[in-house]
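Every heavy atom of this structure was used, including side-chain atoms; hydrogens, water molecules and symmetry mates were not. Atoms within a ligand are numbered from 1 in the order they appear, just like the ligands themselves.
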Amino acid sequence: MASVLVFRGFVHGRYAPLFTHQSQLPVTSILTNSKKLAYRSNGLRLYARYSESQSPRTQDLFTSRLQDSVENLPKLVEDIVQTSINTGPRGALRLAQGIQAVIGVGGEWLAELSQSRNSPGGIPSQLQLGLLSPLYLRKLFERLGVTYIKLGQFIASAPTLFPPEYVQEFQYCFDKAPAVPFDEIKSILREDLAGPIDSIYEYVDPTPLASASIAQVHAARLKGSQADVVIKVLKPGIEDVLVADLNFIYVVARIVEFLNPELSRASLVAIVNDIRASMLEEVDFKKEAANIESFRRYLDSMGLTRQATAPKVYPEFSTKRVLTMERLYGVPLTDLDSISSLVSDPETSLITALNVWFGSLLACETFHADVHAGNLWLLRDGRIGFLDFGIVGRISPKTWSAMEVFLGSIATEEYESMASALIEMGATNTDVDSRAFAKDLEKIFSSIQACITIYIDKRFYDFQDLDTEVVVATATRTDTNATAISANLVVDERQMNALFLDVVRVSESYGLRFPREFALLMKQLLYFDRYTRLLAPDMNMLQDQRITIASNRRMTNRNRY
Ligand SMILES: Nc1ncnc2c1ncn2[C@@H]1O[C@H](COP(=O)(O)OP(=O)(O)OP(=O)(O)O)[C@@H](O)[C@H]1O
């Protein structure tokens, strides 16, 4: 039965009707007074607070927000119901697993708590918040599995969004998972491949090369060609877990945003939706195969195959859950010692990697959006190997040309052009005061503290909060008597991360909203920044003449590879 709600509250010191709302849902209780307004409907409680001292404008804003919320309530309920239907029985199964995880980690916490009660130092701070303390929340996320491990990694990479103790603790949220028994992997291969396993592969190594949360990788050799390959197999049940968890997280985000509309400015639901879409793409290996193929076509057409590669895919032995591809041999770009034994000039390898990746932004249909060191290798033959195309981004020529101006302006410290590039990228209907925006950007950049990195005998030593003068230090090796000194003024990695997030925050305060690609690109630049510190500490990635960031091969969508 529909009900008509009349909301009353104090407006300009008078108790008066604020607005009326026709609700499609039965209302079970209403509470209003001068400080709060709330009503219950179908188990959900709409609640808001205001104070008499607020300006009339704030009250109007509050009233209109409340009205929005009430109007959105039926949509919210419909969404929740629909999401629950889509989740189906796997939701109940995940709930049971979730409870089990909470009991397991809760037991550990209780045991530690009772031990520390008897200790003279009292209860340590890391136990005081219970399962919400960084340590136990991280343990809980790891027990809850794939979705939460990925979320944990997101927290670890967003230092200005989350408190530092959580960011620090979630650095240990590793994407390592126990291996699935080989028999289960074999039965997936049997179900998915067109013929018997031993008619396709000469052998498959039963010990996995790697086992992450989503997939397991086994080395193998093809029957006819005797080519060395790897088989990446989607772990059983992963898709169900992801769908159930992501739907649950989506519902929580919807409710949180509904109850606290302020959060919609931070696009909480949009972020969750993005994470949901990209994680679900990651579990379809046909999409990954298509991404690899388009990257290989790009290398081919640009004449870059002698500098870089991605594994050749064998589509006849690949499905949505199985990806058979050429095996690459190499080392991660952060393995300095092995790199020095493979090439005499690691800086050149880094420049190649950068040029190939920057070039792919426009010339390739998608760009590799997860270039962490495990996915970017220096191969034994000196080429750069790009692995794992599960996460990719797409960037429009318009966004990229604004991005080029943005990156250029960081190097030249031209804040007005930085502001206009950001305005160009961030979708907004309102007029942005670009001068004020530029001033705010300048404040962010000038607040960076200098940090000196000194490279001594192949190791880096960071000294923070120093004056910007270069500190000279030397180290002498006892065996060779050689002394290595190198000093460089750089912005440290965490500051860099914080800097980009500050830029996003300030931009959002001017009403700008960036496409997902902006965050993806920034993340990759941070990875490349890390490799630059290691392999070419004297190089400025954004200014070096040998690196082509500004693209002269602008492509239309039709002739992208
Ligand atoms: N073509 C290949 N040649 C050699 N090794 C490979 C190849 N593909 C994958 N591997 C190995 O398997 C590991 C995991 O592969 P991949 O990154 O594709 O899986 P993932 O589940 O997405 O892992 P992550 O989330 O850690 O990136 C790689 O780090 C690498 O060691």
Side-chain angles (χ1 to χ4, degrees), residues 141-142 145-154 156-157 170-180 185 188 201 204-222 225 227-239 241-242 275 278-293 295-296 299 308-315 317-318 320-335 338 366 368-381 383-393 520 523-524 527:
F141 272 29
E142 281 179 347
V146 52
T147 324
Y148 293 86
I149 289 175
K150 300 265 172 204
L151 283 180
Q153 289 168 349
F154 177 73
S157 65
F170 280 89
Q171 303 292 335
Y172 303 109
C173 204
F174 293 120
D175 194 5
K176 294 266 175 300
V180 170
I185 297 291
I188 293 178
Y201 306 105
V204 181
D205 189 345
T207 311
L209 272 180
S211 172
S213 48
I214 287 181
Q216 186 156 313
V217 177
H218 287 263
R221 178 166 292 156
L222 287 184
S225 64
D228 281 355
V229 292
V230 297
I231 317 172
K232 183 167 169 178
V233 182
L234 188 71
K235 288 189 168 173
I238 284 298
E239 209 173 341
V241 170
L242 276 181
I275 294 177
S278 75
M279 277 197 202
L280 291 178
E281 274 210 358
E282 244 191 290
V283 295
D284 181 350
F285 290 167
K286 283 216 174 269
K287 292 207 168 116
E288 181 166 349
N291 296 335
I292 299 178
E293 286 305 341
F295 189 78
R296 283 174 60 88
L299 293 178
T309 191
K312 170 181 151 65
V313 173
Y314 292 87
F317 312 129
S318 300
K320 202 175 163 215
R321 297 190 296 173
V322 174
L323 185 57
T324 303
M325 56 187 156
E326 168 191 2
R327 180 170 182 184
L328 300 181
Y329 292 94
V331 295
L333 267 200
T334 44
D335 183 350
S338 310
T366 54
H368 193 302
D370 194 16
V371 291
H372 67 73
N375 292 338
L376 195 57
W377 285 5
L378 178 67
L379 303 184
R380 282 183 195 163
D381 60 13
R383 287 183 303 169
I384 300 294
F386 286 81
L387 283 96
D388 190 5
F389 284 73
I391 303 177
V392 292
L520 275 183
K523 197 166 171 205
Q524 310 319 304
Y527 283 130

| said: Within the structure, is a non-hydrogen atom of His372 found at a distance of less than 4.0 Å from ligand 1? | reply: yes
| task | Kindly assign one of parallel, tilted or perpendicular to the pair His368 and Phe389, based on the angle between their ring planes and the thresholds 30° and 60°. | result | perpendicular
| field | Atoms in ligand 1 flagged as close to Ala212, the criterion being non-hydrogen separation under 4.0 Å | value | 21 (O), 23 (O)
| Going by heavy atoms, is Ile214 under 4.0 Å from ligand 1? | no
| remark: Check: of Tyr329, Trp377, Phe386, min heavy-atom distance to atom 31 (O) of ligand 1 comes from Trp377
| message | Just to be sure I'm reading this right: ignoring hydrogens, which of Leu234, Leu209, Asp388 gets closest to atom 20 (P) of ligand 1? Compare them by their nearest heavy atoms. | response | Asp388
| Atoms in ligand 1 flagged as close to Pro311, the criterion being non-hydrogen separation under 4.0 Å | 1 (N)
| said: Strictly distance-based, threshold 3.5 Å: is any side-chain N or O of Thr334 a donor or acceptor partner for the main-chain N or O of Ala373? | reply: no
| field | ligand 1 contacted by Gly390 (non-hydrogen, < 4.0 Å) | value | no
| task | Enumerate the atoms of ligand 1 whose separation from the nearest heavy atom of Val217 is less than 4.0 angstrom. | result | 12 (O), 14 (C), 15 (O)
| query | With only distance considered, is Asn375 within less than 3.5 Å of ligand 1 through an N or O on each side? | reply | yes
| Checking Arg327 side chain against Ala220 main chain: does a donor-acceptor pair fall under 3.5 Å? | no
| message | Nearest non-hydrogen contact with atom 19 (O) of ligand 1 belongs to which option: Lys235, Arg327, Lys232, His218? | response | Lys232
| request: Compare every heavy atom of Val313 with every heavy atom of Glu293, then report the nearest pair and how far apart it is. | output: OE2-CB, 3.4 Å
| query | What part of Leu387, side chain, backbone, both or neither, has a heavy atom within less than 4.0 angstrom of ligand 1? | reply | side chain
